[in-house]
Amino acid sequence: MTTQEVRLCGLLLQEHFGDVVEKVGTHLIRCGVLTLRALAHETKLALDLVKKSLCVLMQHGMCTFGAGRRGPAGPVEYRISCERILHMLRYPRYIYTAKSLYGDTGELIVEEILQRGQMTMSSTVKTVADRLTHNMPEGQSMDYSEVVSAFSQLVETHFLQRCPPVASTGSSNSGAVDTPPPAVAQPSEPESHPDCYRVPYINLTGQGKRRRSSEDGEADQRAAKKAKVDNNECGDEGIFWQVNFERFHLHFRDQAIISAVSCKLDQTSGEIVRTMLRMSEVTTPANAAFTQALSANEIFRALPSNYNIARPILDQYLTLLVDDPMEFVGKTGDSGGGMYVVNLHRALANLARATLESVVQERFGSRSARIFRLLLRKRHLEQKQVEDFAMIPAKEAKDMLYTLLSENLVQLQEIPKTPDHAPSRTFYLYTVNQLPTARLLLQHCYKTIGNLIERRLYETKENKRLLEKSQRIEAILASLQATGAETAQLTEVEEMITAPERQQLESLRHHINKLDSSENQVDETIFLLESYINSTQASR
Amino acid sequence: MMAGRGRGQLTFSVEIVGIGKGENLPPSSVQPTPLFPPLDQKPVPLQTGEEAEYMLALKQEFRGAMKTLPFYIRPAAPKKDVERYSDKYQKTETTDNSLEWKPDWRRFPKELRVREKRPQRDKSPAVPKQPKQPRVDKEEIIRKLETLEQKEEEGSSDEEEGEKKKPEEEEAEGEEEYDEEEFEGETDYVMSYFDNEEEFGGDSDDNMDEAIY
């Protein structure tokens, strides 16, 4: 784990789970695998606090446990997943995607499961139905069956999956163990479980309950706890569901490819690629370099009905897509009117390349970007060649190249002419390697988000007094309104915040919104670069 | 090899990478770069639109929601030096270290389970009993008051007060001891001399305009 990743993970843990979990989590990231005692000893925290933190991390799937180095008889060891913590940046995107695919019900289901880490189907259905009922007009309520159907849809399309079963823990007594102790140090992958995507039959009928506004938060919490306790009467006890992040990532990847094609060519080409991806959704494994081959006939039949394009036009579009230098679509054969595949890995590489070029352009100007693109295409160029090909005067080209070199976006490659590597008899060539540059940029992104979060925390801390004051006044206003106060009283309370304070609050809110939006946007870049880097590793 | 001399002992001749002889190079930096350097190229504005705004709202709501869930662990508040009056009105965090949510313990290692702190109560009997007492007192008192209300309707009064006060004395170890017992038991005056005030001037409720002698 790099420094920036560790720092970002720490900030995310602190924001969502508090300082204690942050301390425990950061220490586990740095040390790798640890036992409970070692963790408590090294972090100098109370043992109970460490236990609580580990429970929280495990509930959210960020920490796993298994038999340690001393085998099943020894103490249990805990391991944390940095990657899983970084997914927290993308939670809004997951929730938004669920909303766009399955409506408000889907959105709330995914949001609840993300908030609680893992949930049973029955408790999810009850909580979501209650939330939806709360937002509906008086007298209406959400039926459980609708929520169940949305849940089932999410499971069928693999966006939700069962949590992998956990083998009996290594710390159990050796007295009457009938199952053999687990040989692996980690619980199994969720997909290896055959029932991974099977919706259990639950005996759950009813409707969402409307929360009375007079109930305070404590009553809700007690009610929520009670709801969890009696899920055993629904028949799905012990079956927990978690969000399948990989499936969402595949969806995002497809979205990125389709929008790139639509931008570069046109809407219809985008639709054709969307159709191809949709058809090969279930047949293509997760890390495949390209989809299954589809014949032009099949594609024609599967196009959405509102796209009335004739068969020869479709062929023309496909030829256009194949000939495009971005190489999104490739032709693998001639049977069935032509066999076509979507080149997933190449598409990701091209998207990553476009990202790198865009970064150079926005940071250093379009002429530096021209040099960068040139080096990407031509691989190795000498100083003189760069000046000639880029059509930039020597002095400026030199300046730009050195700036890029100092930022590590461009490297210098020595090619000796003689065995003794004499400097006067060596070629020095400028070059750009896409993969290491992508990794570098990814680390920059992690650092950027860390900076954004820290700045947001700083701004909040600086204005803490003002924020607390405004919260108190809002609470007073709310209680006054609830008891039916006159407008004169309300305005009097509102005036407790002076105009300059109001302005300060407004600008603070504006800054925080901007910082949050920036985090979301940087995360999109992170996703593209991570997908590209993972695709190169998978193909090895 | 020797050609590198003169430009600060570089390992290769810099003519090849384009720095001519005697050319002015920018001065080498001797301090870290400024924290907020002026940018030549201004950054591109953020994406706006419905999607971006909705995701922003989702993000902020999620963050706020996580702070209220039991997964947000706050360390136990440090022990105060002196017990203060305002403590009664401030919400204290849960000081016991058990989880406020119930995970499925079959999926977690047994060692993470925090047992309920039963033994601790035996070690320090004085402290836990204190907060328990007022509640017990109140319940007892309310019950007693209810029974006494019924009895009052039947008509006995002196004995009620005595009964009411005795249970208070029995339970309130820390509370101020009632003087009534002393008053009733150890005075030199015989209580029966002191008639209930109700008889004296008790009939004059109706006609207050008459002077009372």
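This one's a predicted model, so the numbers in the text were calculated from it and none came from an experiment. All chains are named by letter (A, B, ...) in the order of the sequence lines, taking the proteins before the strands, and each is independently numbered beginning at 1.
In plain terms, the two heavy atoms of B:Leu46 and A:Lys514 that are nearest each other are CD1-O, 3.6 Å. Residues A:Val20 and B:Arg74 share a closest heavy-atom pair of CG2-C, 4.5 Å. Among all heavy-atom pairs drawn from B:Val44 and A:Glu362, the shortest one is CG2-OE1, 3.0 Å. Nearest approach of A:Glu524 to B:Gln47, heavy atoms of both residues: OE2-OE1, 3.8 Å. Taking all atoms of both residues into account, the shortest heavy-atom contact from B:Phe71 to A:Arg116 is CE1-CA, 3.7 Å. Of all heavy-atom pairs spanning B:Arg107 and A:Pro164, the tightest one is NH2-O, 3.2 Å.
Enclosure of atom NZ in A:Lys417 by more than 12 non-hydrogen atoms of other residues, nucleotides or ligands within 6.0 angstrom is indicated.
Looking at heavy atoms from C-beta onward, B:Gln41 lies out of side-chain contact with A:Gln361 at the 4.5 angstrom threshold. By the 4.5 Å heavy-atom criterion applied to side chains, B:Pro109 and A:Tyr78 are counted as neighbours.
By the salt bridge (Lys or Arg N to Asp or Glu O under 4.0 Å) test, A:Asp19 is found to be paired with no residue, residues two or more places apart in sequence or in another chain being considered.
Of the atoms belonging to A:Arg37, not a single heavy atom falls under 4.5 Å from chain B. Heavy atoms of A:His60 lying under 4.5 Å from chain B belong exclusively to its side chain. Heavy atoms closer than 4.5 Å to chain B are found in the side chain of A:Gln521, but not in its backbone. A:Leu89 does not touch chain B: none of its heavy atoms, backbone or side chain, sits under 4.5 Å away. Neither the backbone nor the side chain of A:Glu22 comes within less than 4.5 Å of any heavy atom of chain B. Interface residue A:Tyr91: only side-chain heavy atoms are found under 4.5 Å from chain B.
Distance check, rounded to the nearest 0.5 Å: CE of B:Met66 to NE2 of A:His16 gives 6.0 Å. Here the CZ-CD1 distance, from A:Phe17 to B:Ile73, works out to 9.0 Å after rounding to the nearest 0.5 Å. Summarising the geometry, atom CG belonging to B:Leu112 is positioned 5.5 Å from atom CE belonging to A:Met58; distances are rounded to the nearest 0.5 Å.
Of all the listed residues (A:Lys384, A:Glu382, A:Arg93, A:Met88), the one sharing the greatest number of non-hydrogen pairs under 4.5 Å with chain B is A:Arg93. Interface summary for chain B: among A:Leu54, A:Leu36, A:Leu114, A:Ile95, the most heavy-atom pairs under 4.5 angstrom belong to A:Leu36.
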Do any side-chain atoms of residues 51-65 of chain B form donor-acceptor pairs under 3.5 angstrom with protein atoms, and if so which ones, sequence neighbours left out?
| from | atom 1 | to | atom 2 | distance (Å) |
| --- | --- | --- | --- | --- |
| B:Tyr54 | OH | A:Lys99 | NZ | 3.1 |
| B:Tyr54 | OH | A:Glu107 | OE1 | 3.3 |
| B:Tyr54 | OH | A:Glu107 | OE2 | 2.7 |
| B:Lys59 | NZ | A:Asp516 | OD1 | 3.3 |
| B:Lys59 | NZ | A:Glu519 | OE1 | 2.6 |
| B:Gln60 | NE2 | A:Asn513 | OD1 | 2.9 |
| B:Gln60 | NE2 | A:Asp516 | OD2 | 2.9 |
| B:Arg63 | NH1 | A:Asp516 | OD1 | 3.0 |
| B:Arg63 | NH2 | A:Asp516 | OD2 | 3.0 |

